[in-house]
Amino acid sequence: MLGIQHYDAFLIACIALNLTPGLDTFYILARSGREGHAVGLGAALGINAGCVVHTLAAVLGLSAILVTSATAFTALKYLGAAYLVWIGLRMLLGKQATHAPATTRGHGFTAAFHQGMLTNVLNPKVALFYLAFLPQFVSLQAPRAQLGLLVLGLSFIGTGLCWSLVLALMGSRIHQLLQRKPQVGRWMDRVCGTVLLGFGLKLALQQRG
């Protein structure tokens, strides 16, 4: 009824993506390392609250447009495929990025939560990622495709929240590991790049159904 397809593959992709160091990762590490675990927890919750906003926007937009418009589905399919392949190739072929210390404003749990949420909500790349990623795992013609998209979005947030909490609780240790052994971050980039490249190619070949 929900139209969810290949949910196990979806969860594997979610885990691989969440493990890859990025802006959100280093923001949580910065907050946790500088102000303690509780503030790192605020940053983690704020970032995932931002993901809830993106999930709802993606669900409403996809259900309102894609289900009724084959042209819109095709256009978004190729846009999403190109985007996923592009970032996948960047991760596979690019050099290991050097991450500067994350910029933080304010102090305490509330400030970390608000900044984390705003940073995530205002990131257009996150919105595009949700629009490109979720449709691959739901049949948009299913009776409750909208609910299926919501379940996938919340599943992605659930896996991300688990990793975010680990980052908040072990912020200083993980930060030292990534600084001391940059090859760990490079290995994560390669895993994520391979996953995104494969899903991008899959999306390009997907039929509307």
Side-chain angles (χ1 to χ4, degrees), residues 1-18 20 22-25 27-28 42-88 113-165 192 195-196 198-209:
M1 294 293 289
L2 302 183
I4 296 177
Q5 303 170 336
H6 308 298
Y7 186 67
D8 53 346
F10 175 80
L11 289 179
I12 292 173
C14 289
I15 293 171
L17 292 170
N18 286 318
T20 303
L23 175 62
D24 291 345
T25 297
Y27 176 71
I28 296 172
L45 294 177
I47 286 170
N48 284 277
C51 289
V52 172
V53 175
H54 283 297
T55 295
L56 294 177
V59 168
L60 294 175
L62 290 169
S63 63
I65 298 174
L66 300 184
V67 173
T68 59
S69 173
T71 301
F73 176 85
T74 301
L76 185 59
K77 178 181 75 170
Y78 288 118
L79 175 64
Y83 176 68
L84 293 175
V85 169
W86 177 65
I87 59 176
F113 178 89
H114 288 160
Q115 186 180 356
M117 183 174 180
L118 284 176
T119 299
N120 190 278
V121 169
L122 298 179
N123 188 344
K125 292 183 178 180
V126 178
L128 181 56
F129 171 77
Y130 270 83
L131 290 173
F133 191 60
L134 297 185
Q136 298 186 67
F137 299 93
V138 172
S139 171
L140 297 178
Q141 299 304 311
R144 298 183 180 178
Q146 185 178 26
L147 184 57
L149 289 168
L150 180 61
V151 170
L152 291 181
L154 294 178
S155 297
F156 184 80
I157 293 170
T159 60
L161 179 60
C162 290
W163 178 235
S164 296
L165 294 179
C192 185
V195 170
L196 291 180
F199 283 135
L201 295 175
K202 176 181 179 295
L203 179 58
L205 300 175
Q206 178 176 307
Q207 300 298 315
R208 188 172 187 259

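FYI, the numbering just counts along the sequence from 1. Both backbone and side-chain heavy atoms feed into the values below; hydrogens, waters and symmetry mates do not.
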Please set out all donor-acceptor pairs under 3.5 angstrom arising from side-chain atoms of residues 149-159, sequence neighbours excluded.
from: Ser155; atom 1: OG; to: Tyr7; atom 2: OH; distance (Å): 2.7
from: Ser155; atom 1: OG; to: Val151; atom 2: O; distance (Å): 2.8
from: Thr159; atom 1: OG1; to: Asn18; atom 2: ND2; distance (Å): 2.7
from: Thr159; atom 1: OG1; to: Phe156; atom 2: O; distance (Å): 2.9

Candidates Leu56, Asn120, Val121 - the one meeting side chain to side chain contact (heavy atoms under 4.5 Å, CB included) with Cys51:
Asn120
Among all residues two or more places apart in sequence or in another chain, which pass the ring-ring contact (aromatic ring centres under 6.0 Å, His included) test with Phe113?
none
Leu134 and Phe10: side chain to side chain contact (heavy atoms under 4.5 Å, CB included), yes or no, with the steps?
CA-CA 9 Å; Leu134 297 185; Phe10 175 80; 4.1 Å; yes
Over all atoms of both residues, closest heavy-atom pair of Gln146 and Val59:
CG-CG1, 3.4 Å
Heavy-atom closest pair, residues Ala49 and Met117
CB-SD, 4.0 Å
Value rounded to 0.5 Å, distance of [atom1] in [X] from [atom2] in [Y]:
{"X": "Ser164", "Y": "Ile47", "atom1": "OG", "atom2": "CD1", "value": "6.0 Å"}
{"X": "Leu45", "Y": "Leu165", "atom1": "CG", "atom2": "CG", "value": "6.5 Å"}
{"X": "Leu11", "Y": "Phe137", "atom1": "CG", "atom2": "CZ", "value": "9.5 Å"}

Among residues at least two apart in sequence or on other chains, which ones pass side-chain contact (heavy atoms from CB on, under 4.5 Å) with Ala43?
Tyr27, Ile28, Arg31, Ala112
